[in-house]
Amino acid sequence: MKTTYVLILTFLSFGVSIQAQELIPISKNEILVKVSENNSSIKISEEEFKQARADYRQTNAVFLPNITLSHTAMATTNPLMAFGSKLNQEILTQSDFNPALLNNPSQIENYATKFEIQQPLINLDGMYQRKAAKSKMEAMSLKTERTQDYLAFEVDKAYMQLQLVYKAVIVLEKALDAANANKKLAENSFKQGYLQRADVLNVEVRVTEVQNQLQSAKSNVQNASNYLSFLMNDETYVIYKPSDELKVATFTMEDQSVSENRSDIKAMKLASKAFEAMNKADKMAFLPTLNAFGSYELYDDQIFQDDANGYLFGAQLSWNIFQGSKRFGKAQKSKAELEQSKLEYQQYVSQSNLELNKAKRAFIDAENKLKLNKLALEQSEESLRIRTNRFKEGLEKTSDLLMAETQYAQKQLEYYQTIFEYNYSQAYLQFLTIE
């Protein structure tokens, strides 16, 4: 008994906490601002763009020199190294040519400071690799733009869902009030002997059904609010209330088509260009490269001194003629990747057109459905009014009243659902045709 009492108190306290939870009014524009600032998908897309930009900046090495500065200290008794170190330090004397000293020199210390520069002159494969990296960077920028467009569309849909579930709560609350009022009428009629107990039970069942539906609708309010919190990357997960009610949006469907300037389609095209540039880079790897080089060197037998110095500069033309067919295979692979990217681009455009045609038909269906459901709603409302008046006068069966009441609530929910579908089809059409 004690356990049952504790469970009842726990359930009641939980219900009170849900009811007492604050409802925060919010507009769609407010959500869009927070999503653009905080959404994780946008941040991830931005980081991917930064990675691609960093890859592109690495290709500056095709033009810019490679500069190094080093200081080397060593001690040696190696005959060749010892003689060369003295020669670099400019301290070689006549006595150093003594064969005994040449073959068995004393330990000599050598400190060398070297400033070296390498400058690419002709590197054709690197040039095309740079073009590929640039195309990839631009594609990632467009991907970020498309991600923002998609999230704006997702916010639109999620906000309409929030509006819809609030409409469902309002409809079911009114249905519950009507069901409770009919229950009182039925109980009074039963006491006066006009109704049987079975009729009263039918009315009570109807009340219970509406209560269950209302509870589900309130849970859907929390679900819709939580999804908006997720889009805004807000972990507080409060309950939101839309500032604007769900209503039919005005829209005129024109002869729209999928534009090749749409950001995701342009990104696909740039990706194909990147593969094309990589294929050309692999082909250019068969050609020689030309690089200039130079160095300035300081030598001494003391650390960080420069009693002797010298410089070196020149150019190198190198041609890697054969690498065991590695380059042939690499070029064949990049060619296949290029052809695959072209096919994927064509398939993506074709699929986008397919989605657009499907969305156009869905909009027309939703428009026709909206007109029919509006008419059905008006008819069911009038039917319920007539049957309610007749029931009060004892001229209508309880089952007929319950059926009319159920039908009216159902038609209301269907009407608001159709408004959602109509508005959603508009938003989806705009998303598919945006440039």
Side-chain angles (χ1 to χ4, degrees), residues 26-29 31-32 35 146 149-175 210 212-231 239-258 262 264 351-381 383-384 406-434:
I26 193 167
S27 67
K28 186 170 69 175
N29 289 334
I31 298 172
L32 287 171
V35 167
R146 189 58 176 174
D149 292 340
Y150 171 75
L151 285 171
F153 164 69
E154 194 67 15
V155 166
D156 203 2
K157 181 179 73 172
Y159 193 74
M160 288 190 294
Q161 288 174 334
L162 186 66
Q163 293 173 321
L164 178 62
V165 292
Y166 267 99
K167 280 292 187 182
V169 169
I170 293 172
V171 169
L172 292 170
E173 283 178 343
K174 291 181 179 179
V210 177
N212 289 334
Q213 292 174 352
L214 179 59
Q215 182 57 44
S216 296
K218 290 180 178 180
S219 295
N220 288 334
V221 168
Q222 291 182 310
N223 293 336
S225 297
N226 288 349
Y227 184 60
L228 286 174
S229 296
F230 167 74
L231 290 176
I239 305 300
Y240 293 109
K241 183 176 182 180
S243 301
D244 307 314
E245 291 190 0
L246 181 68
K247 57 183 179 181
V248 179
T250 56
F251 180 76
T252 302
M253 187 175 69
E254 301 175 355
D255 188 16
Q256 298 169 314
S257 61
V258 175
R262 204 175 74 183
D264 55 334
Q351 185 177 5
S352 297
N353 283 313
L354 178 66
E355 285 293 320
L356 178 61
N357 292 331
K358 183 178 177 181
K360 287 179 178 179
R361 289 189 291 268
F363 172 75
I364 295 173
D365 292 341
E367 189 176 31
N368 294 331
K369 187 177 177 182
L370 182 63
K371 295 176 182 178
L372 295 175
N373 282 349
K374 184 178 180 181
L375 179 61
L377 175 62
E378 294 172 351
Q379 292 172 342
S380 63
E381 182 180 13
S383 175
L384 176 61
T406 303
Q407 188 181 48
Y408 178 60
Q410 181 181 353
K411 292 304 177 184
Q412 283 181 293
L413 296 175
E414 288 178 357
Y415 176 67
Y416 291 126
Q417 175 67 31
T418 307
I419 293 178
F420 168 81
E421 293 173 2
Y422 179 75
N423 292 346
Y424 170 78
S425 62
Q426 294 181 32
Y428 190 45
L429 277 172
Q430 292 170 348
F431 172 69
L432 291 175
T433 56
I434 192 174

Inset, instruction - Might you work through the side chain to side chain contact (heavy atoms under 4.5 Å, CB included) test for Ser257 and Thr433, ending with a clear yes or no? - result: CA-CA 6 Å; Ser257 61; Thr433 56; over 6 Å; no
Legend entry - Candidates Gln426, Lys28, Gln430, Gln161 - the one meeting side chain to side chain donor-acceptor pair (under 3.5 Å) with Asp156: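 Single side chain to side chain donor-acceptor pair (under 3.5 Å) partner of Asp156 among Gln426, Lys28, Gln430, Gln161: Lys28.
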How about [X] and [Y]: do any of their side-chain heavy atoms sit closer than 4.5 Å?
| X | Y | result |
| --- | --- | --- |
| Tyr150 | Arg146 | no |
| Lys374 | Lys371 | no |
| Leu432 | Glu355 | yes |
| Phe230 | Ser225 | no |
| Ser352 | Arg262 | yes |
| Leu214 | Val169 | yes |
| Gln379 | Gln407 | no |
| Lys411 | Tyr415 | no |

Has the side chain of [X] got a donor or acceptor atom that lies under 3.5 Å from a matching backbone atom of [Y]?
| X | Y | value |
| --- | --- | --- |
| Asn220 | Val165 | no |
| Gln163 | Asp244 | yes |
| Tyr240 | Leu162 | no |
| Asp149 | Ile434 | no |

Taking atom [atom1] of [X] and atom [atom2] of [Y], what is their separation to the nearest 0.5 Å?
| X | Y | atom1 | atom2 | value |
| --- | --- | --- | --- | --- |
| Asn353 | Lys358 | CG | NZ | 14.5 Å |
| Tyr159 | Asn29 | OH | CG | 9.0 Å |
| Leu164 | Thr418 | CG | OG1 | 9.5 Å |
| Lys157 | Phe431 | NZ | CZ | 10.5 Å |
| Leu375 | Leu370 | CG | CG | 11.5 Å |
| Asn368 | Phe363 | CG | CZ | 9.5 Å |

Inset, instruction - Determine, step by step, whether Lys241 and Ile26 satisfy the side chain to side chain contact (heavy atoms under 4.5 Å, CB included) criterion, reporting the C-alpha distance in whole Å, the side-chain angles of both residues, the deciding distance to 0.1 Å, and the verdict. - result: CA-CA 6 Å; Lys241 183 176 182 180; Ile26 193 167; over 6 Å; no
What closest approach, in Å, do [X] and [Y] show between heavy atoms, and which atom pair accounts for it?
| X | Y | value |
| --- | --- | --- |
| Tyr416 | Leu246 | O-CD2, 3.6 Å |
| Ser243 | Ser27 | OG-N, 3.5 Å |
| Ala217 | Leu172 | CB-CD1, 3.8 Å |
| Ser425 | Ala366 | OG-CB, 4.3 Å |
| Ala359 | Tyr428 | CB-CD2, 3.7 Å |

Inset, instruction - Inspect the contact between Lys167 and Glu245 and indicate whether a charged nitrogen and a carboxylate oxygen are less than 4.0 angstrom apart. - result: yes
Inset, instruction - Report the C-alpha separation of Arg361 and Asn357 in whole Å, then their side-chain angles, then the decisive distance to 0.1 Å, and conclude whether the side chain to side chain contact (heavy atoms under 4.5 Å, CB included) test is met. - result: CA-CA 6 Å; Arg361 289 189 291 268; Asn357 292 331; 3.9 Å; yes
Legend entry - Side-chain donor-acceptor contact under 3.5 Å, Gln222 with Tyr227: no
Legend entry - Any side-chain donor near an acceptor of the partner, Glu414 and Gln410, under 3.5 Å: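 Gln410 and Glu414 do have a side-chain donor-acceptor pair below 3.5 Å.
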Inset, instruction - Assign the ring pair Phe153 / Tyr424 to parallel, tilted or perpendicular, where the plane angle (0 to 90°) is split at 30° and 60°. - result: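 Correct class here is tilted.
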Legend entry - Steps toward side chain to side chain contact (heavy atoms under 4.5 Å, CB included) verdict (Leu231, Val155): CA-CA 8 Å; Leu231 290 176; Val155 166; 4.2 Å; yes
